[in-house]
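Note that this is a predicted model, so its numbers are computed, not measured.
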Amino acid sequence: MGSYCNESYAEFLDSLKAAGVVIRNESEVRERLAESQRWRSAFMTLAANGRTIGIEFSVDNNSAPTAVQRIMAAHAFPAEKEAAFLAQLTADR
C-alpha cells in the first residue's frame, strides 16, 4: 500500500473485496465515498448505518479477519474503527 495521502477509497474497496469482503450495493458505496472529502469517516458511517439504504458488508468463506485488519491499518483507519468494522463483519445476522 502507498502512503496515507495517496490512498483512495477505490483502492481500499478493491482491497477489501480481494480479502473476501462482500459489498452489497457497491455502486452506492463508491458514489457516496467519491462525494466525500473524508472518505474514511463516510465509510465507517456507511458500514454502521448503511443497511437502511441497502448497503451491507459481509464476508465470504475465504475471508481472513487478519487480512481485513491489515487493509484497514494500511489505509490509516484507527484501531477502534478496525475493531468495530471487524466485529460487524463477523456478527451473526
Side-chain angles (χ1 to χ4, degrees):
M1 303 286 153
S3 69
Y4 175 81
C5 295
N6 292 330
E7 297 296 343
S8 75
Y9 73 87
E11 291 169 322
F12 172 68
L13 293 176
D14 291 343
S15 295
L16 284 181
K17 288 172 45 181
V21 174
V22 178
I23 305 170
R24 192 175 92 199
N25 204 357
E26 182 179 346
S27 61
E28 182 74 12
V29 172
R30 288 183 182 273
E31 182 179 323
R32 287 175 180 260
L33 296 184
E35 295 171 349
S36 177
Q37 291 182 350
R38 296 174 41 116
W39 68 263
R40 288 166 186 81
S41 295
F43 172 80
M44 291 307 300
T45 299
L46 291 173
N49 304 310
R51 294 182 87 193
T52 59
I53 56 173
I55 293 171
E56 188 171 352
F57 299 88
S58 59
V59 290
D60 65 20
N61 293 333
N62 299 320
S63 178
T66 56
V68 174
Q69 189 174 23
R70 278 193 306 271
I71 291 164
M72 293 191 78
H75 285 80
F77 281 87
E80 66 273 7
K81 301 296 185 185
E82 291 175 28
F85 184 64
L86 285 171
Q88 177 192 359
L89 281 179
T90 57
D92 291 333
R93 298 186 190 257

How long is the straight-line distance from [atom2] of [Y] back to [atom1] of [X], given to the nearest 0.5 Å?
X: M44; Y: E82; atom1: CE; atom2: CD; answer: 9.5 Å
X: L46; Y: W39; atom1: CG; atom2: CH2; answer: 12.0 Å
X: L89; Y: Q69; atom1: CG; atom2: CD; answer: 11.5 Å

For a 4.5 angstrom cut-off between non-hydrogen side-chain atoms, does R40 reach F12?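 With C-beta onward as the side chain, the pair stays apart.
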
Any idea which heavy atoms bring [X] and [Y] closest together, and the distance?
X: N49; Y: T52; result: O-OG1, 3.3 Å
X: K81; Y: M72; result: O-CE, 4.1 Å
X: S8; Y: H75; result: O-CD2, 4.2 Å
X: A42; Y: L33; result: CB-CD2, 3.7 Å

Between F85 and F57, what is the ring plane arrangement, given parallel below 30°, perpendicular above 60°, and tilted in between?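 Geometry flag for F57 against F85: perpendicular rings.
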
Tell me which donor-acceptor pairs under 3.5 Å the side chains of residues 19-29 have, and how far apart each pair is, sequence neighbours excluded?
| residue | atom | partner | partner atom | Å |
| --- | --- | --- | --- | --- |
| R24 | NE | G54 | O | 3.3 |
| R24 | NH1 | E56 | OE1 | 3.0 |
| N25 | ND2 | I53 | O | 3.3 |
| E26 | OE1 | K17 | NZ | 3.1 |
| E26 | OE2 | K17 | NZ | 3.1 |
| E26 | OE2 | R30 | NE | 2.7 |
| E26 | OE2 | R30 | NH2 | 2.9 |
| E28 | OE2 | R32 | NE | 2.6 |
| E28 | OE2 | R32 | NH2 | 3.2 |

